[in-house]
Amino acid sequence: MAANEAQTPAKKEGLFHRLYVGTGAFDVVGKRKRWYVFFAALILVCLVSIVFRGFNLGIDFTGGTRISLPAQGANGNISISAVENTFNETLDMEPAAVQTVGTGDASTIQIRSETLNNEQVDELKTALFDTFQPVNAQGEPSERSISDSAVSASWGGEISQQALIALAVFLVLVTIFLALYFEKWMAVAALAALVHDVVVTAGVYSIIGFEVTPATVIGLLTILGFSLYDTVVVFDKVKENTRGLLGLTRRTYGEAANLALNQTLMRSINTSLIAVLPVIGLLVVGVGLLGVGTLQDLALVQLTGIIAGALSSIALATPILVDLKMREPKFQQQAARVKARRENLARKAAEREESGAPVDAAVIDADDAPATDDETLDAELRQERAMAAATSVPARNPKAAETQRKGRPSGKHPGRPSGKRRR
């Protein structure tokens, strides 16, 4: 009966079961070369687009003219396409952007274009008033309801400069924190993943042609914290799984790191999904319903950065860490001991198979007994605590220990009368 149960093939676990259990079923670290090729190609495409295609810089970076008018006219709502046609017919050029801001009676239409002189501005305002008759707060058509403002390119440049300074300070502080809390190689791997997130997010903006505004720069700084947080969670589990690893031969550093990655994989996915949902809500409500362009710029960069950050924290940061750690001789020697132990196990199994003896877990030596990942972790933690206790507690006198053991109460109460009279 036991033999039949032992020969029964194990039922294949489903994808979601493996995700939630986190027993190392996804070999991310073992297939890291494939991920390196994928990320290298992705970064290369983004860099080529950034260098040759450039960015679609907004009016705040290039400078220009902004004209605003109420979205309500004497003949009803004013459409964006009609405003674009009026702009084109009046000045014989295309506006940079035309969008509706706000909802209801408070909604306005904003026109952004390259820098216009005073004559062009007056001509455009007259054409817009004659065509649409925009009304003021009292509901009466008024040419004064159409306003204009000039935007200097230096303002966007100042924002960019301050953003670069903030980014540099952030990276320095993060490096110091990771090096002190974890170790130097974890700091290097986390920074590599962080650089990937910035390059990919910027590359997506360059490839698709999203407009880069000050809100985009601010949103780019906010996603750095999310990406770093997800990476730190994974590294903290790696640190826990690899504690005392050099004295063990159960698994290598790469295998322990891959197990930690699987144990935090579902958490990383859930965190990313929860972070993406409000951003999608920001896009739907802020852009679709309210028509606020600033919210669109902020939400787009956050959506792109969250996806890139989740991907890099799972498939890039930990593999880089493993490659850096495996360059150290002590981890190479530990991996060699693990390999020798496994070869010894395979040799013993082959000998038993040749001799006809049943290959059973009960026959294998206790040190070589296979166990699940959770049981292995518990055994390793118990061994680590036992070693720590053995090095900190002084040796006892065996006779004194035996005397003390005999002197302990056996569970009976000696002071309680037994009912028998002593003679």
Side-chain angles (χ1 to χ4, degrees), residues 55-160 162 209-219 281-302:
F55 295 101
N56 180 21
L57 298 177
I59 189 176
D60 300 303
F61 293 96
T62 59
T65 301
R66 180 187 288 114
I67 297 177
S68 300
L69 68 154
Q72 301 293 329
N75 299 323
N77 294 332
I78 303 174
S79 64
I80 293 178
S81 59
V83 173
E84 291 177 347
N85 293 334
T86 302
F87 187 97
N88 190 9
E89 294 173 358
T90 304
L91 302 179
D92 196 20
M93 66 175 66
E94 295 289 338
V98 179
Q99 63 182 11
T100 302
V101 179
T103 58
D105 296 337
S107 61
T108 60
I109 295 178
Q110 290 188 355
I111 307 172
R112 290 183 293 177
S113 68
E114 62 184 44
T115 303
L116 304 177
N117 54 37
N118 293 333
E119 295 179 358
Q120 291 175 320
V121 171
D122 293 339
E123 183 180 0
L124 178 61
K125 291 172 67 176
T126 301
L128 291 173
F129 179 75
D130 294 340
T131 305
F132 303 109
Q133 295 288 310
V135 297
N136 55 19
Q138 289 73 28
E140 300 177 354
S142 173
E143 189 172 356
R144 292 184 178 181
S145 62
I146 305 176
S147 62
D148 65 278
S149 60
V151 180
S152 174
S154 60
W155 187 70
E158 292 175 359
I159 292 179
S160 301
Q162 296 298 325
F210 292 148
E211 186 179 20
V212 179
T213 63
T216 305
V217 178
I218 296 172
L282 193 65
L283 279 173
V284 174
V285 177
V287 180
L289 299 180
L290 300 180
V292 182
T294 304
L295 294 180
Q296 176 184 359
D297 301 334
L298 185 63
L300 282 175
V301 68
Q302 287 185 339

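- Judged purely by atom type and a 3.5 angstrom limit, Thr65 uses its side chain to pair as donor or acceptor with the backbone of Leu116.
- Of all heavy-atom pairs spanning Ser145 and Pro70, the tightest one is O-CD, 3.4 Å.
- Taking CG of Leu69 as the reference point, atom CD1 of Ile111 lies at 5.5 Å (rounded to 0.5 Å).
- Counting only heavy atoms from C-beta outward, the side chains of Glu143 and Thr126 approach each other to under 4.5 Å.
- Residues Phe87 and Val98 are not in side-chain contact: their nearest non-hydrogen atoms beyond the backbone lie 4.5 Å or more apart.
- Rounding to the nearest 0.5 Å gives a distance of 10.5 Å between NZ of Lys125 and CZ of Arg144.
- From Ile80, atom CD1 reaches atom CG of Asn77 across 11.5 Å, with rounding to the nearest 0.5 Å.
- The shortest non-hydrogen separation linking Phe129 to Pro141 is CE1-C, 4.0 Å.
- When the shell of 6.0 Å around CG of Asp92 is examined, it contains 12 or fewer heavy atoms from other residues, nucleotides or ligands.
- The distance from the CD atom of Gln133 to the CG atom of Leu128 is 11.5 Å, given to the nearest 0.5 Å.
- Asn118 CG: 12 or fewer foreign heavy atoms inside a 6.0 Å radius.
- Ile67 CD1 to Ile146 CD1: the interatomic distance, rounded to the nearest 0.5 Å, is 8.5 Å.
- Atoms OG and CG, from Ser79 and Asn85 in turn, are 8.0 Å apart once rounded to the nearest 0.5 Å.
- Contact annotation: the side chain of Glu84 never approaches that of Asn88 to less than 4.5 Å [non-hydrogen atoms, C-beta and beyond].
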task: Just do the side-chain contact (heavy atoms from CB on, under 4.5 Å) check on Gln120 and Thr90 with the steps written out, would you?
output: CA-CA 9 Å; Gln120 291 175 320; Thr90 304; over 6 Å; no
